[in-house]
Amino acid sequence: MIAKGNTLVVDVRDGTEVAASGKVAGAVHVSRGLLEFRADPELPSHDKNFAKDKDVILYCGSGGRAGTRRQAAQGFGLRESPQSRRL
């Protein structure tokens, strides 16, 4: 999915967690508190990886933080990947 370029995998864990254990190959790290700033195309902090033509998979350590950020991502028109709930 990532290799095809049609899926964005986002690690929403805190930076200390990512530093301690790494992240999924090809994933971008955007801590949960910064997701809106990176996903909103109207802001100067927008990350071009957050393209509306990609499916998005959010993940964290237990699924709780990713679940709470899912609605925010959808608010910016991002599509949740069907694989997202299987991680």
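Remember, predicted model here, so these are calculated numbers, not experimental data.
- Interatomic distance, CG of Asp11 versus CD1 of Ile57, reported as 12.5 Å (0.5 Å rounding).
- Partners of Ser21 by side chain to side chain donor-acceptor pair (under 3.5 Å), not counting sequence neighbours, listed by chain and number: Arg13.
- In terms of the side chain to side chain contact (heavy atoms under 4.5 Å, CB included) criterion, residue partners of Leu34 (sequence neighbours excluded) are, by chain and number, Val30, Ser31, Phe37, Arg38.
- The heavy-atom pair separating Asn49 from Leu8 by the smallest distance is O-CD2, 3.4 Å.
- Closest approach of Asp40 to His46, counting heavy atoms only: O-CB, 3.2 Å.
- Here the closest heavy-atom approach between residue Val24 and residue Tyr59 is recorded as N-OH, 2.9 Å.
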